[in-house]
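It should be emphasised that the depicted structure is a prediction, and the values quoted were computed from it without experimental measurement.
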Amino acid sequence: MTTARAHYDRLLATHYTWMLGSDIHAVARDQAALLQGLGVRPVADGDSAIDLGSGPGPQTLALAHLGFSTVTAVDTSRTLLDELAVHAETAGVTGPVRTVCADLLDALPHVASPGTATAIICMGDTLTHLPSRADVRSLLDSVAYALRPGGHLVVTFRDLTGELRGDDRFLSVRSTEDQLLTCFLEYVDEDTVMVHDLLHTRSEGEWSLRVGTYPKLRLPSDWLSGEARRAGLQVQHPAADPPGLRILHANKPNR
């Protein structure tokens, strides 16, 4: 079975900014507004934030624009991290931003001392790329350990627990004059959905097709909130969800 990491390296990484609408800085402004609305901001000089599964960096740029002194972007794709560095330079925020090519499950102990991070985010449906629900639990434990008292966790994810049927399983991601991406969902069991991506690209009048498949987790929103509480985090009242995604916002209690 192809992993999410291999799928992005082979097919999606070079097209990810296009998938987001091509203007990464516009996406970053929207993400900054979302995070600010949740109260995510530095409260003292030297406050740090961590972006798990940063991709090309819209959330990393958002955190830098919000004023965090250090923003660590973690991703398994060196291609996307190199692109992020270019975007940070264009946005004039190279100072706060550092990139780390690592697996999400291994990164936190290496990029943050216990009880030091003011904000940890995992957005853009990255959480569902983890191999199992046990890995999600492990990540939440690591987040709770790394956050400072009062620190924020923000996760966005697709709730894939409701099974689509028939033609509804075909989803158009984006289409432009010379490129279109469609995905097809295949429900394997109560924990897993296989995502089949079909990327059509036109060059010199000829269309070509590349395909790839990888698994995503089906994470019920109530289950994820319960696991955040189990890890010792306080789940906040639900915020307005961005289109197609759910939000989990939690804080580490002040003790």
Side-chain angles (χ1 to χ4, degrees), residues 3-9 11-36 38 40-42 47-112 117-130 135-136 139-140 142-143 146-147 151-158 214 216 242 245 247-249:
T3 64
R5 176 177 183 172
H7 181 73
Y8 272 72
D9 285 344
L11 183 64
L12 293 186
T14 55
H15 304 284
Y16 200 82
T17 296
W18 172 83
M19 289 164 55
L20 295 176
S22 298
D23 187 345
I24 204 75
H25 300 291
V27 181
R29 289 192 293 271
D30 290 341
Q31 295 299 285
L34 170 62
L35 292 169
Q36 190 171 36
L38 296 173
V40 177
R41 60 185 180 275
D47 277 359
S48 64
I50 301 167
D51 183 3
L52 298 174
S54 63
Q59 289 83 21
T60 300
L61 299 179
L63 290 165
H65 286 310
L66 289 173
F68 285 94
S69 296
T70 303
V71 183
T72 301
V74 179
D75 204 280
T76 59
S77 171
R78 174 49 62 187
T79 297
L80 290 174
L81 290 173
D82 288 345
E83 182 182 343
L84 188 162
V86 173
H87 294 316
E89 184 174 0
T90 302
V93 293
T94 54
V97 173
R98 66 166 178 155
T99 61
V100 176
C101 190
D103 187 274
L104 269 62
L105 292 171
D106 301 328
L108 278 177
H110 302 288
V111 301
T118 299
I120 298 175
I121 66 173
C122 184
M123 301 177 72
D125 206 25
T126 299
L127 195 67
T128 63
H129 293 173
L130 293 178
D135 292 317
V136 175
L139 182 63
L140 289 171
S142 296
V143 167
L147 283 174
H152 296 265
L153 167 67
V154 179
V155 174
T156 61
F157 67 103
R158 297 189 187 280
Y214 71 110
K216 275 190 175 184
L245 296 173
I247 294 176
L248 171 70
H249 175 213

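Contact check for Ile50 versus Leu63: no side-chain heavy atoms found under the 4.5 Å cut-off. Looking at heavy atoms from C-beta onward, Leu84 lies in side-chain contact with Thr99 at the 4.5 angstrom threshold. Counting heavy atoms from C-beta outward, Val155 and Ile121 have side chains that stay 4.5 Å or more apart. By the 4.5 Å heavy-atom criterion applied to side chains, Thr17 and Asp23 are not counted as neighbours. Using a 4.5 Å heavy-atom cutoff, the side chains of Leu80 and Pro56 are in contact. Counting heavy atoms from C-beta on, the side chains of Ser54 and Leu81 come closer than 4.5 Å. Looking at Val71 and Ser48, their side chains never come closer than 4.5 Å, going by heavy atoms from C-beta outward. In this structure the side chain of Leu38 never reaches within 4.5 angstrom of the side chain of His152, judged on heavy atoms.
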| task | Might you work through the side chain to side chain donor-acceptor pair (under 3.5 Å) test for Thr60 and Asp51, ending with a clear yes or no? | result | CA-CA 6 Å; Thr60 300; Asp51 183 3; 2.7 Å; yes
| request: Take Asp125 and Lys216, measure what side chain to side chain contact (heavy atoms under 4.5 Å, CB included) needs, and give me the verdict at the end. | output: CA-CA 9 Å; Asp125 206 25; Lys216 275 190 175 184; 2.4 Å; yes
| Verdict with reasoning, Leu52 to Thr126, per side chain to side chain contact (heavy atoms under 4.5 Å, CB included) | CA-CA 8 Å; Leu52 298 174; Thr126 299; 5.9 Å; no
| request: Step by step, work out the side chain to side chain contact (heavy atoms under 4.5 Å, CB included) result for Asp9 and Ser77. | output: CA-CA 7 Å; Asp9 285 344; Ser77 171; 3.9 Å; yes
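Take Ala102 and apply the side-chain contact (heavy atoms from CB on, under 4.5 Å) test, not counting sequence neighbours, and it matches Val74, Val100, Ala107. Residues meeting the side-chain hydrogen bond (donor to acceptor under 3.5 Å, both in side chains) test with Asp135, sequence neighbours left out: Ser132.
Proximity of a side-chain donor or acceptor of Thr3 to a complementary backbone N or O of Ala6 within less than 3.5 Å is detected. Side-chain atoms of Asp47 never come within 3.5 Å of backbone atoms of Phe68 as a donor-acceptor pair (strictly under, hydrogens ignored). A donor-acceptor pair is defined here as one N or O able to donate and one able to accept, closer than 3.5 Å; such a pair exists between the side chain of Thr156 and the backbone of Gly124.
To the nearest 0.5 Å, atoms CZ (Arg158) and CG (Leu245) are separated by 4.5 Å. The structure places OG1 of Thr14 at 10.5 Å from CE of Met19, a figure rounded to the nearest 0.5 Å. Going from atom NE2 of His65 over to atom CG of Leu35 covers 12.0 Å, rounded to the nearest 0.5 Å.
Ring orientation note: the planes of His129 and Tyr8 are tilted relative to one another, at an angle of 30° to 60°.
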